[in-house]
Amino acid sequence: MTSTNAQLFERAQRVIPGGVNSPVRAFRAVGGTPRFIARAQGPYIFDAEGKRYIDYIGSWGPMILGHGHPAVLDAVQKAALEGFSFGAPTEREIELAEEILKLVPSMDQVRLVSSGTEAAMSALRLARGATGRNKIVKFEGCYHGHADALLVKAGSGLATFGNPTSAGVPDDVVKHTVVLEYNNVAQLEEAFSLHAVDMACVMIEPICGNMNFVRASVPFMTRLRELCTKHGVLLVFDEVMTGFRVALGGAQSLYAKLIPGFAPDISVFGKVIGGGMPLAAFGGRRAVMAQLAPLGPVYQAGTLSGNPVATACGLATLREIQKPGFYEALATSTRKMVDGLAGAAKAAGVPMATDCEGGMFGFFFASELPQNYPAVLATDKERFNRFFHAMLDRGVYLAPALYEAGFVSAAHRPDDIAATIDAAAQALQS
Ligand SMILES: *Cc1c(COP(=O)(O)O)cnc(C)c1O
């Protein structure tokens with residue numbers, strides 16, 4: 001006898017806080033019962049009740065090839081037979097590092113870790129160690145994992161520092177974190193004029209997927225790069241979501257086309273590079289990376305770092321996405337999807353603003369695209385929640401919160417997109 005989602009949720013809540021191992025899975029933002037997923041194939045996930053959904057979360061980004069891609073499955077099965085974990089270096093780690101560095105020319109060296117949180121936290125320590133400075137800047141609405149120093153919301157003014165967004169984070173730990181408004185050049189300049197000499201790094205999601213989909217404007221990014229260079233502050237690109245997702249070379253390759261000579265100093269990756277396995281990375285120029293143990297004084301380590309099964313999965317994924325035409329096809333599907341959503345909204349007389357890049361998309365119930373976090377908060381949350389559930393009922397699985405980007409995979413076929421747009425046209429009537 002199979003259990004229903006509701007039964008599983010109840011059982012889960014007895015043994016796991018909130019019934020989930022990562023909070024947003026609990027559907028608190030949208031209400032209702034989370035779907036317990038039994039299996040997945042291609043663009044679909046199937047819940048415990050056997051209901052099929054077209055999946056636009058893709059494990060929050062990693063599943064760019066869709067679920068169960070044969071080449072990836074094969075690589076993982078072979079690697080598993082050779083051993084799960086050795087705690088010693090392997091040739092496959094070199095291959096993966098070489099592959100990543102080939103695709104991301106701003107980095108000379110890369111270190112592998114197991115989660116985006118770990119990668120961002122390590123990048124931060126590296127930036128502080130390499131500059132000998134303590135202060136860091138982040139932007140309101142950007143998420144860089146749950147390291148203490150990065151769980152910070154804006155303070156009352158620029159001369160003050162941020163406040164912890166989580167209990168258990170001492171004020172002392174976040175007193176070095178400055179939180180600024182995304183896309184606000186004047187605030188950025190003011191922060192540099194106040195704090196530049198003490199600033200180790202500025203960390204940014206270049207296209208912010210944790211605000212659904214908000215791009216850093218070109219003037220903002222240009223000025224950010226200029227200020228960092230001028231003051232010896234390291235620019236850290238958190239590409240955990242955008243890396244190998246918005247383009248083969250990540251968001252930095254898009255800004256490099258728009259801003260001459262543009263490159264970040266340190267980059268952080270996760271999600272797609274693991275292809276669904278726990279794998280993430282951070283890297284930069286040789287001189288910066290030489291600060292890391294065992295070469296330098298900045299300590300960083302991991303029992304499962306460079307895990308042989310995870311690296312096999314990541315490597316097989318990176319090989320598939322380099323095939324000719326991969327991103328063109330992915331971008332075409334994603335564009336069709338958002339244009340279809342926008343068209344359905346227009347027909348229903350509902351204000352909707354959409355954007356996409358590569359295989360990542362966002363849509364807001366608003367008449368124009370928000371440029372920062374307060375503007376995202378001002379979009380129509382009620383409407384989003386209704387739409388989310390109406391789509392879920394129709395077998396379309398969107399992210400269960402309006403703050404999250406959506407993802408199309410290479411396994412989504414034109415008829416999946418068409419079915420999604422049909423569902424949206426009906427859902428928007430409700
Ligand atoms: C998901 C995400 C992280 C955290 O990665 P985890 O693997 O969940 O720890 C960090 N930064 C960004 C931009 C992310 O989207």
Side-chain angles (χ1 to χ4, degrees), residues 20-26 56-64 104 110-127 136-153 165-166 177 179 182 201-216 221 235-247 250-252 254-255 264 266-283 300 302 304-307 310-311 313-314 317 357-362 373 376 399-407:
V20 292
N21 284 311
S22 197
V24 72
R25 295 179 196 169
Y56 290 100
I57 303 187
S59 183
W60 301 87
M63 310 313 297
I64 195 166
V104 187
V110 63
R111 179 155 283 175
L112 305 180
V113 295
S114 302
S115 73
T117 292
E118 202 187 343
M121 178 189 83
S122 304
L124 194 62
R125 186 179 305 136
L126 175 61
I136 57 166
V137 172
K138 77 174 288 285
F139 298 95
E140 195 187 9
C142 289
Y143 176 67
H144 305 293
H146 61 90
D148 282 357
L150 294 166
L151 281 183
V152 189
K153 60 179 175 234
T165 33
S166 167
T177 306
V179 184
Y182 201 76
C201 68
V202 176
M203 189 177 276
I204 187 167
E205 276 187 80
I207 297 174
C208 185
N210 288 288
M211 284 195 267
N212 190 327
F213 195 109
V214 181
R215 294 172 192 262
M221 193 61 87
L235 176 56
V236 182
F237 256 37
D238 182 348
E239 297 227 47
V240 171
M241 197 181 290
T242 53
F244 313 103
R245 170 52 78 175
V246 297
Q252 57 193 271
L254 303 175
Y255 285 98
I266 297 177
S267 301
V268 181
F269 295 97
K271 298 191 170 125
V272 171
I273 57 165
M277 289 271 181
L279 182 72
F282 64 102
Q300 188 278 328
L304 298 177
S305 291
N307 175 272
T311 46
C313 188
T317 302
E357 192 68 58
M360 175 169 160
F361 67 88
Y373 192 57
V376 172
L402 73 81
Y403 311 103
E404 311 290 346
F407 304 103

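Each ligand, and each atom within it, is numbered from 1 in the order the structure gives. The structure presented is a predicted model; accordingly, all values stated were derived computationally and were not measured.
- Of the polar atoms of E205, none of the N or O atoms is found under 3.5 Å from an N or O of ligand 1, judged by distance alone.
- Distance check on atom 8 (O) of ligand 1: every protein heavy atom falls at or beyond the 4.0 Å cut-off.
- The protein non-hydrogen atom at the shortest distance from atom 11 (N) of ligand 1 is D238 OD2, 2.7 Å.
- By the 4.5 Å heavy-atom criterion applied to side chains, K153 and V179 are not counted as neighbours.
- Looking at atom 4 (C) of ligand 1, its nearest protein heavy atom turns out to be T117 N, 3.7 Å.
- Neither the backbone nor the side chain of E118 comes within 4.0 Å of ligand 1, counting heavy atoms alone.
- A donor-acceptor contact closer than 3.5 angstrom is absent between the side chains of R125 and Q300.
- Contacts between H144 and ligand 1 below 4.0 angstrom, taking non-hydrogen atoms only, involve the backbone exclusively.
- When E239, K271, M241 are ranked by how near their heavy atoms come to atom 1 (C) of ligand 1, first place goes to K271.
- Considering backbone and side-chain N/O atoms, G116 comes within less than 3.5 Å of an N/O atom of ligand 1.
- Taking atom 3 (C) of ligand 1 as the reference point, the nearest protein heavy-atom neighbour is V240 CG1, 3.7 Å.
- Contact annotation for N210 and ligand 1: only side-chain heavy atoms (C-beta onward) come within less than 4.0 Å of the ligand.
- Every heavy atom of H146 sits 4.0 Å or more from the atoms of ligand 1.
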